[in-house]
There are 2 protein chains.
Amino acid sequence: MKKKETVTIYDVAREASVSMATVSRAINHNHNVKPETEKKVLDVVKRLNYRPNDVARGLASKKTTTVGVIIPNVTNSYFAALARGIDDIAEMYQYNIILTNSDGDEKKELKALNTLYSKQVDGLIFMGNEISEAVRSDMSNERIPVVLAGSVDSQNQFNSVNIDYRKAVYAQTNELLKNGNDRVAFVASHLNRSINKDYRIEGYKDALRDAGIPFRKTLLFEANEATYDSGYKLRNKLVQEEVTAAIVSNDDVAAGVMNSMSDSGINVPEQFEVATSDNTKLTEMTRPMLSTITQPLYDIGAVSMRLLTKLMKNEEVSERNILLPFGLKDRNSTK
Amino acid sequence: MKKKETVTIYDVAREASVSMATVSRAINHNHNVKPETEKKVLDVVKRLNYRPNDVARGLASKKTTTVGVIIPNVTNSYFAALARGIDDIAEMYQYNIILTNSDGDEKKELKALNTLYSKQVDGLIFMGNEISEAVRSDMSNERIPVVLAGSVDSQNQFNSVNIDYRKAVYAQTNELLKNGNDRVAFVASHLNRSINKDYRIEGYKDALRDAGIPFRKTLLFEANEATYDSGYKLRNKLVQEEVTAAIVSNDDVAAGVMNSMSDSGINVPEQFEVATSDNTKLTEMTRPMLSTITQPLYDIGAVSMRLLTKLMKNEEVSERNILLPFGLKDRNSTK
DNA sequence: AATAGCAGAGTAACCGTTTACATTCAAGTA
DNA sequence: TACTTGAATGTAAACGGTTACTCTGCTATT
């Protein structure tokens, strides 16, 4: 078994006959090093196969080049898409991400925040459908920057990247209304979460109002979870309310709702229309394919991370709350 | 702006009138501390809101309680499911994961390994369909343990957690053969990758041999990417070879193949049968639903992480290469 | 020629812990 | 009584870097 002594900056300094300070400067491409000295040092670095210890660096510089990412569930394709965007940009800017699944559960979120702070992450990207008071206070008490990705904050206290959910749902509801539906359902995993309560449902109401159709509380449905199965289980309730169309705030849930209808012999879209929200790949995989709001999922993640890098470097940012463009994609689950 | 001085172990020591060593012992629940002293210290910890700096800890103890996870793509539901299992168990054992997407690309894998090593991760979980020589040598030269999750190594050099792909595909091919298909295709994203070349295709051949059906190279298809679209594009080639059934090694690709067939008027499963490999949720969302090998996806991740914790603690492990049980789920894409 | 200015390099403090080793003190032992 | 022992705690040296400050020796300026 080879001894594999770890080679440190001292070893490099000795071999290159310079001080460790010079080695440090050389590997960090500090300009105060004569080019030939830098070359000499870098040659030794290569020869000894020296690799700086980021932990030591972190302690000395108080920067870890690591950001914490809190995600409800990697398994959810919406958030997974954002995560991918986040990671790509992180890599581009030489950061790594510590990924933590929270299930949108406050306890887990708080625990994650705690260990992330212990690990001295330079910044935080938070995804989740709601920001509880405890989480809010935790995040605002630390001095590291945070940005919400695809997540809203009712108090509008943090930086964020989203689309205009209200307008998007407004436009989408309009379509369904135009198709002649007067009992269109709104379904979300949790109705009382800010993203639904303050944005999507408002958009939905706006559209109803503009169309002169009364808003009915009974047409608001809750799936409890953002999963296919929980959507699938909604059928009876939907049928009972004689709903002929539904706006769904999550693709998995929407697929569940739609398949459930189809499976029971209700024809989509002829007898029942479904429109969903995220345009994940899933919307193309179902039959019929799902009409949806189109969101730049990857970009929401990417832009969030980009924004975070600016905040971590104390650069000026023009917008605290970025809204990316959305669209409407008409596929086969609507007329 | 509140000054928010970071409180260190010194502050706690002073306030508790003990030495920092005692504080360190107390917070680490070292037994060499008188219970009342421990309580005194812990009270101060709480009062000052002291939170140990893991970076400093890491430097001093040479343990970061962080593991690196290399994943082809979080967006791929197979790997995402594993990742979730990994993270849950990691959390259970007080580790965090640094997640890095590699796209299965050697360059990116090497780069990721490098930064992960710099960050002094205590262990590594590698997911990817192939282990290149460079990656292999990199991973074996470092002294930190690695386990392959849902990934095989042709040299069988690393710890791993998988199912028996050969047997699984064997059983699955048998089913298709039993249904009367004599031209059953095998499709994978990359045919020459060990997991396919050495396992799945061997299982496929075993079944053909046992059924007395000649193996035809022309019935091996490559999708190039593990994506829905790349599967979708395969239709013409499949039709051209007059294939009546296909074994597909990835759910997304399988969904693409199936939808592509259906969309062009070929009836599944009457005229064309498809069987897939991962039993991700997607297999239930398509219509018809996909028959599949069932794998304990979450568990593969979870067991991998559990195994890694043992290795990191230098505990004895009985099996280096764990095979988890698989099954066959007959749904509607096969007769 | 004298002096200021600056590039390039070195010295050493510091980052916040862990931990080997030393010390203290009280109880047990012969 | 004198000594051993061990539990509880303290002291200080790592851990492997970054960086403020200092120093040296040229070049440019007047």
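Chain naming here is simple, since letters A, B, ... match the order of the sequence lines and numbering starts at 1 in each.
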Specify the separation, in whole Å, of atom CG of A:L59 and atom P of C:dG16. 7 Å
Within this structure, what is the CD1-to-P distance between B:I27 and D:dT9, rounded to whole angstrom? 15 Å
D:dG17 C1' sits how many Å from A:R14 CZ, rounded? 16 Å
Test side chain to side chain donor-acceptor pair (under 3.5 Å) on B:R51 and A:N114; report intermediate values, then the result. CA-CA 9 Å; B:R51 176 193 290 138; A:N114 229 317; 3.1 Å; yes
Nearest 0.5 Å, please: how far is CZ in A:F158 from CD in A:Q155? 9.5 Å
Tell me whether the OP1 or OP2 atom of D:dG16 has a side-chain N or O from B:K62 closer than 4.0 Å. yes
If you restrict it to nitrogen or oxygen atoms, what contacts under 3.5 Å exist between nucleotides 8-11 of chain C and the protein, and what is each distance?
| unit_1 | atom_1 | unit_2 | atom_2 | d |
| --- | --- | --- | --- | --- |
| C:dA9 | OP1 | A:T37 | OG1 | 2.4 |
| C:dA9 | OP2 | A:K34 | N | 2.8 |
| C:dA9 | OP2 | A:T37 | OG1 | 3.2 |
| C:dG10 | OP2 | A:S19 | N | 2.8 |
| C:dG10 | OP2 | A:S19 | OG | 3.0 |
| C:dG10 | OP2 | A:T22 | OG1 | 2.6 |
| C:dG10 | N7 | A:R25 | NH1 | 3.4 |
| C:dG10 | O6 | A:R25 | NH2 | 2.3 |

Which nucleotide, D:dG16, D:dT18, C:dT17, lies nearest any side-chain atom of A:A56? D:dG16
Do we see a donor-acceptor contact under 3.5 Å between the side chains of A:K119 and A:T66? no
Results of side-chain contact (heavy atoms from CB on, under 4.5 Å) for A:N129 - residues two or more places apart only: A:F79, A:R193, A:I195
Which whole-number value in Å describes the distance from B:D11 CG to C:dT17 C1'? 13 Å
Can you list the residues that meet the salt bridge (Lys or Arg N to Asp or Glu O under 4.0 Å) rule with B:K310, with sequence neighbours excluded? none
C:dT17, OP1 or OP2 - any side-chain N/O from B:Y50 closer than 4.0 Å? yes
Going by side-chain contact (heavy atoms from CB on, under 4.5 Å), name the residues that satisfy it together with B:K34, two or more places apart in sequence or in a different chain. B:E36, B:T37
Just to confirm, is there a sub-4.0 Å distance from OP1 or OP2 of D:dG16 to any side-chain nitrogen or oxygen of A:T6? yes
Check the phosphate of D:dT18 against A:S24, side-chain N and O only, distance under 4.0 Å to OP1 or OP2. Yes or no? yes
Checking side chain to side chain donor-acceptor pair (under 3.5 Å) against B:K108, which of B:N101, B:T100, B:D103 comes through? B:D103
Near-strand residues of residues 112-120 of chain B, defined as heavy-atom separation under 4.0 angstrom from DNA chain C: none
Atom CD1 of A:I9 and atom P of D:dG17 are separated, to the nearest Å, by 6 Å
For the helix from C:dA1-D:dT30 to C:dA30-D:dT1, how many degrees between its two end axes (five pairs per end), to the nearest 10°? 50°
Given side chains that start at C-beta, do those of B:R136 and B:Q157 come closer than 4.5 Å, heavy atoms only? yes
Over how many whole Å does the gap from A:N30 atom CG to D:dT19 atom P extend? 9 Å
Residue pair A:A80 / B:T75: nearest heavy atoms and the distance that separates them: O-OG1, 3.8 Å
Starting at OH of A:Y10 and ending at P of D:dA14, how long is that distance when rounded to a whole Å? 10 Å
Less than 4.5 Å apart, side chain to side chain, heavy atoms only: is that true for A:L82 and A:S304? no
Rounded to whole Å, please give me the gap between NZ in A:K63 and C1' in D:dG17. 15 Å
Working for salt bridge (Lys or Arg N to Asp or Glu O under 4.0 Å), residues A:D43 and A:K46: CA-CA 5 Å; A:D43 283 348; A:K46 185 158 289 174; over 6 Å; no
Using a distance-only test with no angle check, is there a side-chain donor-acceptor pair under 3.5 angstrom linking B:Y298 and B:D88? yes
Would you say A:N28 places a side-chain N or O within less than 4.0 Å of OP1 or OP2 belonging to D:dT18? yes
